[in-house]
Number of protein chains: 4
Amino acid sequence: MSGASERPLRADAARNRAKLLDAATEVFTTRGIGVPTEEIARAAGVGVGTLFRHFPTKEALLEAVMVRRLETITARTAELAAEAEPAEAFFACFRLIVEHSAGKQEFTRALAEAGVDVHASLRESTEQMRSQLTELLAAAQRDGAVRPEVGLPELIALLVGVGTATEQLAADPGARERIFDVVFAGLRPQ
Amino acid sequence: MSGASERPLRADAARNRAKLLDAATEVFTTRGIGVPTEEIARAAGVGVGTLFRHFPTKEALLEAVMVRRLETITARTAELAAEAEPAEAFFACFRLIVEHSAGKQEFTRALAEAGVDVHASLRESTEQMRSQLTELLAAAQRDGAVRPEVGLPELIALLVGVGTATEQLAADPGARERIFDVVFAGLRPQ
Amino acid sequence: MSGASERPLRADAARNRAKLLDAATEVFTTRGIGVPTEEIARAAGVGVGTLFRHFPTKEALLEAVMVRRLETITARTAELAAEAEPAEAFFACFRLIVEHSAGKQEFTRALAEAGVDVHASLRESTEQMRSQLTELLAAAQRDGAVRPEVGLPELIALLVGVGTATEQLAADPGARERIFDVVFAGLRPQ
Amino acid sequence: MSGASERPLRADAARNRAKLLDAATEVFTTRGIGVPTEEIARAAGVGVGTLFRHFPTKEALLEAVMVRRLETITARTAELAAEAEPAEAFFACFRLIVEHSAGKQEFTRALAEAGVDVHASLRESTEQMRSQLTELLAAAQRDGAVRPEVGLPELIALLVGVGTATEQLAADPGARERIFDVVFAGLRPQ
DNA sequence: GATGAATGAGAATTCATTCAT
DNA sequence: AATGAATGAATTCTCATTCAT
C-alpha cells in the first residue's frame, strides 16, 4: 500500500531498517530532533553507516518516521470509522490521532524548514489522512454531532493543539481527560 | 521590576540590550531557535561579542526573551483583569495570552532540554503569571462562566494548545476565531 | 588590481589569511589536494574555524591559492615582457610560467570537477594571463622567433606539458634544461 | 606473461576480473581516481565484494589497471619496433605511448602517495618499457634521427609531458598534431 | 564597552573494507 | 564464489563562546 516499488530487502536489512525506525521514533519523540544521528544508530544497535545506507540524510529518516506514524494512524482510523456510528467514530478518531501524534509538530517543522515542500512521500500519507478526516467530519456534521461551521483546517489545527495540550499533561490522565471534555463539548452544536 | 540587583547600565549598553532582545524575539519566533547567535547580533546591529557580554550564553538570551514576553503579558493581563467583569476578563486574557505566545513552546522546550528546570529567572515571571491565572480562573468559576472542574494545569495546557492551533491557522483569521469559539464554548459549564 | 571591494581586513586577520595561503600552497603542491583541511590549518598555525572563516569551502581555498599564483606569474611576466626583445621575452616568460606552475594541473582539475566552470574569480586572472600570452606569442611570431602555425591553445598546452615534464625531473636540473632546449628548438621556425 | 604464479582461476572468475579491469580503466580515466569502488563494481556489473576478492585494496586495482596498460603498450611497441626503421619506429612509438597514456599521471601519483615505491608488480612492467625505450632511443640516435644529448629520463619526461599537453587539447586534433610537430622537430639534431 | 576574528568540539555524511547470507 | 549490507574512521563544515584589538 505504501511505495511497493523497491526490491524485497534482505531479511537482515529489513530488520535493521525496522530497528532504526523504532529507535528514531523513540529518540526523536523523547529527546527532540536535535539528537545526533550517531546516537540513533547506537540506540538501534547498528553503525552510523547502516543508518545512512537506509536513510540517505537525517531528514529522510525523520520523514520515514513520520510516514510510518501516519500510516499507523490512518489504518487504525479506517478501522474505527468502519466499526462505529459517525458521531462516535469522529470523537474516537480524534482521540486516537491525538494520542499517536506526540512530538509530531517538531518533525513537521523540521521538514518544512528543510525547504522541500512537505516531502513527496509525506504528502501521500498526509493526503490520505486528510481525506479520511474530511469524511469523518462530514458524517459527524450530517449527524448533528459537530458544529457545521467547523472545517477541515480547524479540525486539523485542533488535533495539533489538543496534542500539544495533552503533552503538557503527560503526568495527569485525569486532567488530560478534561481537555478532551472541553474540546469535545465545544465541538458539539451549541 | 525584574531582578533590580545589577549596576544601572550605561545608556548605550541599555540600548544595545534592548536592540538585542528585540532582534532575538523577532528572529527566534520567525526562524526558530536554531538560528546562529551571529545572525541575531547582526539583526541587532551589534557584534557577537556584545551579545555575549549581555547574555552569557545563548540560552540566557532565550530566557531573557521569554521573561520579557511574560512580563508584557502579565502587565496587560493585570490591566484587563482590573477593567472588566470576571467572565469577560477571563476570556479576554485567554485570547491575549494566546496571541502573545507565538513560538513560545519551542523556547520552553529548548530551555527544558538545557536541564536547568525552567530557569530561576523564568520561574519568577512564570510564578507571577500562574497566580494571575489562578485568580482569573477562580473568579470566572465563581461567576459561573467556566466549568468548575477545570484546574490551573488544564487552563495552561489549553492556552498552549490553542496557541499551537492558531499558529497553524496564521493565514486564516476566520478559522482562528472558530478555534476560540469552540474552546470557549467548551469551557463554559455545559 | 584584484577584487578591491572588501573591507581592509584587520591586521591579524590579514596575517592569518596570508599564513593560510602560504601553508595551503606548500601543502597542496607537495602532498596533493587530498590533504585534510585540518592539516592545512595546523600547518598555518591556526584553528580549522579560522580557515573556514577565511575560505568558506576547501574549494574556495584551492581557488585562492591558484589566483594568487596566477597573479604572481602575471606580474612577473609583465615585467619581463617590458624589459626584453620579443623573442627573448617570449622564451623567458615560457620558463617563468613553467617554473611557477608546479602542481597547477591537479588544482585545475579539482576545481573543474567541482562543476563551477573555472570559478569566476579564477576566470579573471586566467583571462589576464591569456591576453599576456597572446601578445607575447604574436610579437615573437612577428619577429620570426616562433613558428607561425602555433596558436594560443597549443602554447598553453605546451606550458602545462613542459611543467609536467620538468616536475618529473625535479632532481636533475641538467635534464630539465634539455627539455627546454628541445621544446624551444621545436618552437622555432624550422 | 605477468605473474604466472596464481591458480588457474575459474572461467567466470576470470571473466569478472576482466570486466572489473575494463570498468576501472574506463571510470578512472574519465572521472578520476576519486570515484568510489562501489561505482566501479556497478559499472562492471558485479558486487563490491567481488571487486575486493579480486583486488584486495583499491590501490591494488589501480595498480592492475596500470600494469595492463603498460603491457598493452609494451606489446604494441615491440611490434612497431620490429616493423620499421629506427627513426620511424622511434617517433611512431612516441605517439603510441602518448596516446595510450591518458590519465596515467594521476594513477602514478596516487600509487606513489600510497608510499610503496612504485609497487613491485608495476616495477616489472615499468622496467620492461624502460628497456624498450632505451633501445629505441639508442637506435634512433645512432641513425642520427634524435639529438644525442637526450637521455632516457628526458625521453620519459617528454612522453609524460606531451601526454599532458595533448590531454588539454582533446577537442582539437589539429592542435594536438602541432604539439607532436613541435616536439619531434625539437628532438631532431639541430 | 564594543568589535569581530579565532577557536575547537561536535555534526552530518562518505567510502574503503569486512562479513553474513 | 558472489553478493550487497554493515561498519566506523575520516572528512568537511558549523557555531557557541573566548579573546586580542
Side-chain angles (χ1 to χ4, degrees), chain A residues 7 9-17 20 34-42 44-61, chain B residues 9-13 16 34-42 45-61, chain C residues 7 9-17 20 34-42 44-61, chain D residues 9-13 16 34-42 45-61:
Chain A
R7 286 149 265 172
L9 210 53
R10 246 164 60 179
D12 54 346
R15 212 173 315 125
N16 277 338
R17 200 190 133 91
L20 279 163
V35 184
T37 45
E38 197 133 7
E39 296 215 6
I40 293 168
R42 183 162 35 255
V46 305
V48 238
T50 303
L51 189 158
F52 280 95
R53 168 178 272 269
H54 285 283
F55 308 97
T57 60
K58 191 186 191 180
E59 207 191 294
L61 175 58
Chain B
L9 213 52
R10 255 167 52 179
D12 57 342
N16 277 341
V35 184
T37 45
E38 195 128 10
E39 296 215 7
I40 293 169
R42 180 161 39 256
V46 305
V48 242
T50 305
L51 188 159
F52 278 93
R53 167 171 288 274
H54 285 285
F55 308 96
T57 62
K58 190 186 192 180
E59 210 190 291
L61 174 57
Chain C
R7 284 149 266 171
L9 211 54
R10 246 165 60 178
D12 55 345
R15 212 173 315 125
N16 276 339
R17 201 189 132 92
L20 279 164
V35 184
T37 45
E38 196 134 7
E39 296 215 6
I40 293 168
R42 181 161 38 255
V46 306
V48 237
T50 304
L51 189 158
F52 280 97
R53 168 177 272 268
H54 285 284
F55 308 97
T57 61
K58 190 185 190 180
E59 207 190 292
L61 175 58
Chain D
L9 213 52
R10 257 168 50 176
D12 57 342
N16 277 341
V35 185
T37 46
E38 195 127 10
E39 296 214 8
I40 294 168
R42 183 164 34 257
V46 306
V48 243
T50 304
L51 188 158
F52 278 93
R53 168 171 287 273
H54 285 284
F55 307 97
T57 62
K58 190 185 191 179
E59 208 189 290
L61 174 58

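Per chain, numbering begins at 1; letters A, B, ... match sequence-line order. These numbers were taken from a predicted model, which means no experiment stands behind them.
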Quiz item: Looking at D:Asn16, does any N or O in its side chain come under 4.0 Å of the phosphate oxygens OP1/OP2 on F:dA1?
Solution: no
Self-check item: A:His54 side chain, from C-beta outward: closest of F:dA6, E:dA2, E:dA6
Solution: F:dA6
Quiz item: In whole angstrom, what separates A:Ile40's CD1 from F:dG8's P?
Solution: 17 Å
Practice problem: Check side chain to side chain contact (heavy atoms under 4.5 Å, CB included) between C:Phe52 and all other residues, then give those that pass, not counting sequence neighbours. | Solution: C:Thr37, C:Val48
Quiz item: Taking only side-chain nitrogens and oxygens of A:Arg53, does any of them come within less than 4.0 Å of OP1 or OP2 of F:dA5?
Solution: yes
Self-check item: Dot-bracket encoding per residue of DNA chain F, Watson-Crick/G-U cut-off under 3.5 Å, | denoting interstrand
Solution: .||||||||||||||||||||
Exercise. Would you please name every residue forming a side chain to side chain contact (heavy atoms under 4.5 Å, CB included) with C:Arg53, sequence neighbours left out?
Key: B:Glu38
Quiz item: If you check every side-chain atom of B:Val46, which of E:dT3, E:dG1, E:dT7 has the closest atom?
Solution: E:dT3
Quiz prompt | Sequence-distant partners of A:Glu39, side chain to side chain donor-acceptor pair (under 3.5 Å), two or more places apart | solution = A:Arg31
Quiz prompt | Gap between atom OG1 of A:Thr50 and atom CZ of A:Phe55 - 0.5 Å precision | solution = 11.0 Å
Self-check item: OP1 or OP2 of F:dT7 under 4.0 Å from side-chain N/O of A:Thr50
Solution: yes
Exercise. Could you grab the distance from atom CZ of C:Arg15 to atom CG of C:Leu20, nearest 0.5 Å is fine?
Key: 12.5 Å
Practice problem: Measure the distance from CZ on A:Phe55 to C1' on F:dA6 and round it to the nearest whole Å. | Solution: 15 Å
Quiz prompt | Under 4.0 Å protein heavy-atom contacts per nucleotide of nucleotides 12-21 of chain F, with B for base, S for backbone only and - for none | solution = BBBSSBB---
Quiz item: Starting at CG of A:Leu51 and ending at P of F:dA5, how long is that distance when rounded to a whole Å?
Solution: 15 Å
Quiz item: So how far is it from B:Asp12 CG to B:Asn16 CG, rounded to the nearest 0.5 Å?
Solution: 6.5 Å
Quiz item: Who are the side chain to side chain contact (heavy atoms under 4.5 Å, CB included) partners of C:Ala41, not counting sequence neighbours?
Solution: C:Val46, C:Leu51
Practice problem: Nearest whole angstrom, please: distance from the P of E:dA6 to the CZ of C:Arg42. | Solution: 18 Å
